Amino acid sequence: MPRIPIGSWVSHGVDWLRDHLNWLFDLVTHVLNTLYDAIHTVLAAPAPLLLAGILAVIAWWLRGLPAALLTFLGFALIDSIEQWNETVSSLSLVLVACLITIAVAIPLGILAARSRAVGSALRPVLDLMQTMPAMVYLIPGILFFGLGVVPGIVSTIVFSMPPAVRMTELGIRQVDEELVEAAEAFGTHPRRTLFRVQLPLALPTIMAGVNQVIMLALSMVVIAGMVGGGGLGGSVYNSISSVDVALGSEAGLAVVILAMYLDRMTGALNQRVSPLGRRALAKAQAALGGAKFLQWKPATSVAMAGVVVLALLAGGMNVLGRKDGGAGGTSDGNGRPVSLGYVNWDEGKATTYLWKEILEQRGYRPKVQALEAGPLFAGQARGDIDVQTNAWLPTTHAAYWKKYRDKLEDLGAWYDKTSLEIAVPSYMKDIRTLDDLKGRAGEFGGRITGIEPGAGEMSILKDKVLKDYGLGGEYKVQESSTSSMLTELDRSIHAKKPIAVTLWSPHWAYNKYDLTKLKDPKGSFGSGDSLHLLGRKGFAEDEPQVAGWMKKFHLDEKQLTSLENDVTTAGAGHEQDGVRTWLGKNPGLVDKLAPSAHAAYAKGKDAGRAPNIGYPAWDEGIATTYLWKNVLEKRGYRPDIRNLDIGPMWTGLSTGQIDVETDGWLPVAQKQYWDKYRKDLDDLGPWYDKTSLEIAVPSYVKGVRTLDDLRTHKDLFHGRIIGIEPGTGEMKRLHDEVQPAYGLKDFQVTEAGTSAMLAELDRAYAKKEPIAVVLWSPHWAYSKYHLTKLGDPKGTWGANNQIRTLAHKSFARKFPEFAGWLRNWKMTPEELGSLERDIQDAGKGHENKGVEKWIADHPGVVDRMAPVK
């Protein structure tokens with residue numbers, strides 16, 4: 001029988017919905033996240049024991065004193081096993097899902113009860129919703145709603161809705177028809193019959209459906225954990241993937257306590273709100289005799305008062321005890337969030353928690369999520385995850401990279417080279433290559449113990465390795481998890497039993513056990529991977545400092561294996577403690593990996609002084625002035641910077657109104673100013689060598705290579721040269737020397753400023769129009785545009801300049817420390833070009849931001865420019 005491609009149809013349908021209804025899914029995500037955040041904020045606000053007290057008061061009101069005591073003790077136990085935050089998160093998820101489910105299910109159940117056609121139409125749909133494996137809902141859930149609590153909430157709603165619809169329909173259908181007919185006989189409106197007769201009598205059945213909804217919702221908390229929803233589901237998922245019995249038992253116990261509380265409370269609520277339930281409760285209490293005090297329940301008003309008092313107490317404690325936990329105004333991150341995802345592999349977990357610690361120290365709010373490889377890459381492609389540290393490329397994760405590469409950014413490799421392999425215990429003496437496995441399946445139970453099914457290594461093993469070595473019909477690959485594989489390896493080695501496992505290098509298992517890497521003479525596993533950091537599309541633009549740190553991140557094998565060992569030793573739930581232990585053994589590493597723009601810099605001897613720094617609106621002047629402003633502020637100075645035209649700035653320098661400037665072009669370009677004011681100035685020396693002055697034209701203007709060519713092509717340029725500020729030495733030299741020497745006197749030279757010249761150059765370049773502009777080297781325009789510097793065979797521009805630091809003659813006496821720094825300061829063309837580019841990218845008004853990025857990209861530059869003993 002031919003195959004019916006139902007899966008392909010569903011896949012195409014999901015793709016169509018995602019492409020055409022993305023706005024709807026974004027709206028649903030926003031609404032559900034907002035509702036979840038609101039409920040979670042309310043539940044997480046009180047101290048754990050106060051919220052336990054509030055829940056106990058509710059239990060007392062609904063079930064009596066014993067239930068109240070057990071409730072308090074149960075939730076106190078959850079707090080004592082450090083699962084409180086996870087429990088609150090799961091309770092918030094359950095409440096959101098149940099509220100929406102009940103709001104939809106009860107009206108559907110009423111409609112089905114009143115219309116057999118609706119009931120018949122709903123029945124197969126409800127069957128599908130209830131019997132489809134819940135995990136299947138995660139696949140479109142991730143595509144539609146991304147990672148987080150929303151896919152878990154949606155899956156929970158779909159899975160838990162059928163019992164509520166069916167029980168509501170059943171309850172209404174079971175109401176005595178004679179009662180309904182009697183109500184109708186007295187002329188009761190159908191709506192009043194529904195609310196006054198049918199719903200009150202059907203309420204016990206409906207509440208039983210609500211109870212089932214809550215229980216099914218609780219059973220779905222693990223689902224939420226698998227897609228990054230956190231809570232108890234995250235703890236259970238982590239315990240399963242790491243085979244952590246302690247964590248699994250504690251998380252499971254918390255789920256049991258929460259389930260029992262919700263089950264008992266919803267059952268008791270039925271007795272409170274249902275007339276039939278109240279009568280049954282009264283009969284039960286009458287039969288207790290002397291034990292009535294145990295079942296005594298406070299009146300609703302008394303219970304409400306108790307809840308309000310405890311809530312107010314909790315709120316008051318929060319207000320009085322609140323601390324400013326933000327990162328503050330001087331941190332690198334300023335509290336900005338960064339989400340980190342990882343597959344539960346040792347190197348991924350270790351480096352993810354390492355970066356979590358680093359980012360927290362730098363003032364960010366990192367959040368880590370453990371995910372399978374597929375959801376991790378899909379979540380990054382959607383923008384739900386900012387960074388992952390453990391992409392094995394180009395081989396292991398090739399399928400994911402091929403699928404999502406257009407939506408990801410490769411931040412570079414931090415470890416090279418890895419290898420994939422099958423390993424066996426070294427006591428299996430005669431097995432050294434993959435060829436040796438053939439015909440030996442009986443010894444291994446016909447099994448190779450693998451890791452997570454979504455791992456790239458597993459795909460390579462099943463699709464290529466087994467085929468290349470003829471092992472496909474002999475061995476079965478046992479899919480499990482990394483931790484399960486390691487547990488099985490440990491058990492087999494202790495029993496001296498044969499076992500073959502999928503492993504990779506580097507891995508701490510090679511240090512703990514004596515293992516043999518089976519050689520791969522056919523190269524089926526590939527030539528080895530590098531471990532890459534991947535960011536979502538746009539991450540480097542949004543967080544340039546973090547991206548800059550990560551691009552320079554590298555660990556050697558010794559560092560990585562020792563980090564893995566400390567994290568593994570610390571245990572599940574304490575990974576960051578392991579990272580801190582490791583960092584304690586590697587002092588100064590955080591500053592090396594993530595040099596802070598707001599580090600605690602030593603103060604200078606003249607800290608508190610306020611030098612006046614002038615600068616012209618030229619790129620190198622802007623860049624170096626803002627650079628020194630930033631460096632001086634780090635050293636405790638209070639610099640004041642002023643943007644001035646070239647003439648007023650030299651005048652201000654000569655009178656002492658300006659203490660120093662960093663953009664003196666000598667001996668040629670600004671010779672006339674130096675000759676005029678030199679007796680009042682101090683030359684602190686050159687920091688850049690050598691510059692040049694020139695006229696430049698776009699390289700698409702053919703036949704114009706020298707200033708002589710410019711004269712002969714006057715009409716091509718409409719007899720115009722685009723100049724800069726009229727007071728500059730370059731403009732004066734152009735008028736006095738260059739134009740007469742090359743017969744360019746009849747050219748009109750515009751004098752509108754550097755910014756206007758660059759704007760005109762950009763406009764002409766975009767239109768491929770001829771243009772001649774006054775320029776100089778170094779300048780970033782030569783990087784942005786293809787330009788030709790016109791040759792000056794007569795040497796009229798004069799000798800090349802140096803860029804020098806000039807100061808008033810009293811400067812060194814007033815600011816001796818700063819003067820010493822400036823005398824020893826130098827910049828290379830690469831440093832100056834990158835500084836100018838970062839300031840250009842930051843934009844006008846954000847020069848400090850550009851400088852901060854440049855300093856972060858050049859660790860140690862502050863100490864080099866302004867050394868303090």
Side-chain angles (χ1 to χ4, degrees), residues 238-245 248 343-350 372-373 392 395-396 418-526 528-529 557 561 564-565 568-569 572:
N238 285 335
S239 70
I240 294 172
S241 61
S242 59
V243 196
D244 190 328
V245 176
V343 179
N344 204 10
W345 299 345
D346 292 282
E347 71 284 350
K349 180 165 62 176
E372 295 289 347
W392 287 58
T395 305
T396 308
T418 68
S419 64
L420 305 178
E421 58 257 354
I422 292 176
V424 300
S426 58
Y427 51 73
M428 304 191 72
K429 301 297 186 182
D430 54 347
I431 297 182
R432 291 292 177 265
T433 72
L434 290 170
D435 283 313
D436 295 335
L437 288 176
K438 188 152 182 73
R440 307 284 293 272
E443 297 179 45
F444 296 94
R447 185 178 69 174
I448 296 172
T449 304
I451 53 174
E452 292 79 6
E457 182 175 12
M458 294 289 281
S459 298
I460 296 170
L461 174 61
K462 290 184 288 187
D463 297 342
K464 187 166 178 59
V465 177
L466 295 184
K467 292 179 181 178
D468 289 351
Y469 289 93
L471 304 175
E474 193 175 351
Y475 288 86
K476 176 184 177 183
V477 178
Q478 180 68 50
E479 296 176 341
S480 58
S481 67
T482 301
S483 299
S484 299
M485 176 273 293
L486 292 169
T487 301
E488 186 69 11
L489 175 64
D490 183 80
R491 188 185 65 80
S492 297
I493 287 178
H494 277 86
K496 288 284 192 259
K497 291 183 177 179
I499 186 173
V501 298
T502 54
L503 257 181
W504 55 92
S505 300
H507 197 285
W508 57 264
Y510 288 109
N511 295 326
K512 184 174 181 179
Y513 308 109
D514 193 3
L515 301 173
T516 300
K517 300 179 184 179
L518 298 189
K519 293 180 181 178
D520 177 19
K522 298 179 181 179
S524 302
F525 270 119
D529 284 316
E557 185 171 1
T561 53
E564 289 178 355
N565 183 59
T568 303
T569 302

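Bear in mind that the values here come from a model prediction, so they are computed numbers and not experimental data.
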>> Taking side chain to side chain contact (heavy atoms under 4.5 Å, CB included) as the definition, give me every residue that meets it alongside Asp463, ordered by chain and number, with sequence neighbours left out.
In response: Ser459
> Parallel, tilted or perpendicular: which fits the ring planes of Trp504 and Trp392, with parallel below 30° and perpendicular above 60°?
Replying inline: perpendicular
> Do you know the tightest heavy-atom contact between Met428 and Pro498?
Replying inline: CE-CB, 3.3 Å
> Any side-chain heavy atom of Glu347 within less than 4.5 Å of one from Glu564?
Replying inline: yes
> Considering all heavy atoms of both residues, which atom of Tyr469 and which atom of Lys438 are nearest to each other, and what is their separation?
Replying inline: O-CD, 3.8 Å
> Are Ser481 and Asn344 side-chain neighbours, meaning at least one heavy-atom pair lies under 4.5 Å?
Replying inline: no
> How far apart are the closest heavy atoms of Asp346 and His507, and which atoms are they?
Replying inline: OD2-NE2, 3.1 Å
> To the nearest 0.5 Å, how far apart are CG in Asp520 and CG in Leu434?
Replying inline: 5.5 Å
> Okay, side chain of Ser480, backbone of Gly450: is any donor-acceptor separation there less than 3.5 Å?
Replying inline: yes
> Are Asp514 and Tyr427 close enough, and set up right, to give a side-chain hydrogen bond (donor to acceptor under 3.5 Å, both in side chains), and what steps lead you there?
Replying inline: CA-CA 8 Å; Asp514 193 3; Tyr427 51 73; over 6 Å; no
> How long is the span from the CD atom in Glu457 to the CH2 atom in Trp345, to the nearest 0.5 Å?
Replying inline: 7.5 Å
>> Testing the basics here: between Tyr475 and Ile448, what is the closest heavy-atom pair and its distance to 0.1 Å?
In response: CD2-CG1, 3.8 Å
>> Counting C-beta onward and ignoring hydrogens, is there a side-chain heavy-atom pair between Lys464 and Ser524 closer than 4.5 Å?
In response: yes
> In Å and rounded to the nearest 0.5 Å, what is the CD to OG distance from Gln478 to Ser484?
Replying inline: 9.5 Å
> Does a sphere of radius 6.0 Å around NZ in Lys476 hold more than 12 heavy atoms from other residues, nucleotides or ligands, not counting ones at 6.0 Å or beyond?
Replying inline: no
> Between Tyr513 and Asp490, is a side chain to side chain contact (heavy atoms under 4.5 Å, CB included) present by the stated rule, with each step listed?
Replying inline: CA-CA 8 Å; Tyr513 308 109; Asp490 183 80; 2.8 Å; yes
> Can you tell me how far the CG atom of Leu489 sits from the OG1 atom of Thr482, to the nearest 0.5 Å?
Replying inline: 12.0 Å
> Roughly how far, to the nearest 0.5 Å, is the CE atom of Met485 from the CD1 atom of Ile499?
Replying inline: 8.5 Å
> Looking only at atom types and distance, does a side-chain atom of Glu474 sit under 3.5 Å from a main-chain N or O of Arg440, one as donor and one as acceptor?
Replying inline: yes
> Hey, mind stepping through Asp436 and Asp430 against side chain to side chain contact (heavy atoms under 4.5 Å, CB included) and telling me if it holds?
Replying inline: CA-CA 8 Å; Asp436 295 335; Asp430 54 347; over 6 Å; no
> Can you tell me if Asp529 uses its side chain to pair, donor with acceptor, with the backbone of Thr418 under 3.5 Å?
Replying inline: no
> Could you walk me through whether Phe444 and Thr449 pass the side chain to side chain contact (heavy atoms under 4.5 Å, CB included) check?
Replying inline: CA-CA 10 Å; Phe444 296 94; Thr449 304; over 6 Å; no
> Out of curiosity, Ile422 CD1 to Leu518 CG, how far, rounded to the nearest 0.5 Å?
Replying inline: 6.5 Å
> Any idea which heavy atoms bring Glu488 and Arg491 closest together, and the distance?
Replying inline: OE2-NH2, 2.6 Å
> With sequence neighbours left out, what residues match Glu479 under side chain to side chain donor-acceptor pair (under 3.5 Å)?
Replying inline: Lys462
> Are Tyr510 and Thr561 close enough that some pair of their side-chain heavy atoms sits under 4.5 Å apart?
Replying inline: no
>> If you apply the rule side chain to side chain contact (heavy atoms under 4.5 Å, CB included), what do you find for Lys519 with Arg432, and how did you get there?
In response: CA-CA 6 Å; Lys519 293 180 181 178; Arg432 291 292 177 265; 5.8 Å; no
>> Quick check: closest heavy atoms across Ala509 and Leu515, and the distance to 0.1 Å?
In response: O-CD1, 4.0 Å
